[in-house]
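Contents: one structure, followed by commentary.
What you see below is based on every heavy atom in this structure, not just the backbone, and it leaves out hydrogens, waters and symmetry mates. Just so it is clear, the model here is predicted, and its values are computed rather than measured.
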Amino acid sequence: MTTDASDAVEIRNALLRLRRGTGLPIAFGGLIEAGQRMRISELSGTATHALRSLAVTSGTGLGGKTVALSRPCAVTDYSASRQISHEYDAPVAAEGLRSVLAVPVVVRHRVRGVLYGALRTSLPLGGRMLDVAVEAARDLERALVVRDEARTLAAEAAAGAGAGPGWEQVREAHTALRALAPRIADPELRAELLGACALLTAEPAGPPLVRLAPREVDVLACVAAGATNAVAAERLGVTPETVKGYLRSAMRKLRARTRGEAVVAARRAGWLP
């Protein structure tokens with residue numbers, strides 16, 4: 001597995017949160033590749049490129065120890081520490097790092113990457129700093145989970161479009177994809193996911209007869225799947241009152257008197273599968 005552009009954005013965001021929260025001037029990190037190697041792909045606050053693309057094997061150095069143990073680790077003086085092996089002393093010294101902490105990024109019980117924070121002086125790193133670094137890693141974990149789910153659903157949707165699944169499966173996939181899309185910060189990945197949604201609908205030729213807002217379509221997709229307003233609100237990350245508002249607006253545009261009529265009209269207009 002390699003780090004794509006979308007993952008790189010999330011890693012950089014996590015590194016910025018780590019630096020702001022801990023006050024550490026330097027942060028870097030990356031994700032696990034094939035063979036349990038973690039490649040440092042993103043740097044923040046570094047003075048050189050000595051650490052860029054460095055491949056760290058599980059069990060070696062501070063990051064490798066973090067991968068192997070699946071828990072945070074820290075050293076006060078990297079080059080002199082007896083708690084780690086020293087395969088990476090040269091690039092660490094080239095950047096002038098002394099105190100370094102490393103926290104694992106764990107997704108579904110598997111280490112997916114490592115975030116580091118560092119100083120160029122020898123001082124203990126622990127307590128509050130470690131807690132903040134762990135929270136930055138948790139944020140990245142949540143982002144990776146959303147991305148994994150989005151990619152899986154998009155792949156299933158694309159495969160299903162050619163395999164001819166039953167309409168119920170198509171509609172379930174469409175609803176799940178629409179619910180995931182607003183949670184994705186990266187605009188390119190979000191657009192790709194919504195493009196997969198469009199493959200599942202049978203839009204009529206020419207301009208749409210009725211124009212619905214994206215959130216109105218999201219709410220109608222949930223309603224079509226049998227969700228109550230409360231369940232739709234939970235899926236979409238909004239309040240039940242907001243769901244009611246979008247539903248009322250969609251019903252008015254579709255000239256529907258009931259929720260069921262709105263779903264039928266949305267399907268005829270090509271907004272839902």
Side-chain angles (χ1 to χ4, degrees), residues 6 10 107-109 135 138-204 207-273:
S6 300
E10 297 295 349
V107 177
R108 295 189 177 94
H109 309 292
E135 190 54 39
R138 297 297 88 84
D139 288 343
L140 178 55
E141 290 166 6
R142 287 187 282 269
L144 292 177
V145 167
V146 170
R147 290 184 181 283
D148 287 350
E149 291 177 352
R151 287 167 181 150
T152 298
L153 286 168
E156 289 175 353
W167 275 113
E168 287 307 314
Q169 287 87 351
V170 171
R171 288 164 179 165
E172 287 175 7
H174 181 268
T175 301
L177 288 165
R178 296 283 322 187
L180 273 175
R183 297 160 55 191
I184 297 176
D186 184 80
E188 291 185 4
L189 183 59
R190 186 169 61 250
E192 183 180 340
L193 187 61
L194 291 174
C197 281
L199 294 174
L200 302 178
T201 61
E203 289 193 45
L209 299 176
V210 177
R211 292 193 178 277
L212 298 178
R215 274 310 208 183
E216 292 169 350
V217 179
D218 294 341
V219 168
L220 286 172
C222 290
V223 170
T228 63
N229 288 348
V231 171
E234 184 176 353
R235 287 181 183 175
L236 300 175
V238 297
T239 67
E241 287 302 316
T242 300
V243 168
K244 289 180 183 178
Y246 283 126
L247 185 55
R248 281 195 298 267
S249 176
M251 289 172 64
R252 183 174 61 254
K253 292 178 181 178
L254 294 165
R255 299 181 180 179
R257 293 172 297 175
T258 66
R259 296 157 64 95
E261 286 182 6
V263 169
V264 171
R267 284 175 177 157
R268 286 174 180 166
W271 290 105
L272 296 177

Exercise for the section: Using side chain to side chain donor-acceptor pair (under 3.5 Å) as the criterion, list what pairs up with T239, not counting sequence neighbours. Expected result: T242
Problem - Shortest non-hydrogen contact between A233 and P240, atoms and distance - result: CB-N, 3.5 Å
Completion exercise
Residue pairs passing the salt bridge (Lys or Arg N to Asp or Glu O under 4.0 Å) test with at least one member in residues 217-234, sequence neighbours excluded, are R178-D218, R215-D218
Completion exercise
Sorted by chain and residue number, the side chain to side chain contact (heavy atoms under 4.5 Å, CB included) partners of A224 (sequence neighbours excluded) come out as V263, R267, L272
Practice task
Name all residues meeting the side chain to side chain contact (heavy atoms under 4.5 Å, CB included) criterion together with V264; count only those two or more places apart in sequence or in a different chain, and write none if there are none.
Solution key: R268
Completion exercise
Closest non-hydrogen contact found for R259 with L247 is NH1-CD2, 3.4 Å
Practice task
Please lay out, stage by stage, how V231 and C222 fare under the test side chain to side chain contact (heavy atoms under 4.5 Å, CB included).
Solution key: CA-CA 8 Å; V231 171; C222 290; over 6 Å; no
Problem - Heavy-atom side-chain proximity of L254 to M251 below 4.5 angstrom - result: no
Problem - Pairing residues for A250 by the side chain to side chain contact (heavy atoms under 4.5 Å, CB included) criterion, not counting sequence neighbours - result: L212, E216, L220
Problem - Flag, side chain of W271 to backbone of V210, donor-acceptor distance under 3.5 Å - result: yes
Practice task
Determine the minimum heavy-atom distance between A232 and A227, stating which atoms define it.
Solution key: N-CB, 4.1 Å
Handout entry: Electrostatic pair E135-R138, nearest N-O below 4.0 angstrom
Key = no
Problem - Counterpart residues, salt bridge (charged side-chain N to carboxylate O under 4.0 Å, His left out), relative to R252 (two or more places apart) - result: none
Practice task
Using salt bridge (charged side-chain N to carboxylate O under 4.0 Å, His left out) as the criterion, list what pairs up with R248, not counting sequence neighbours.
Solution key: none
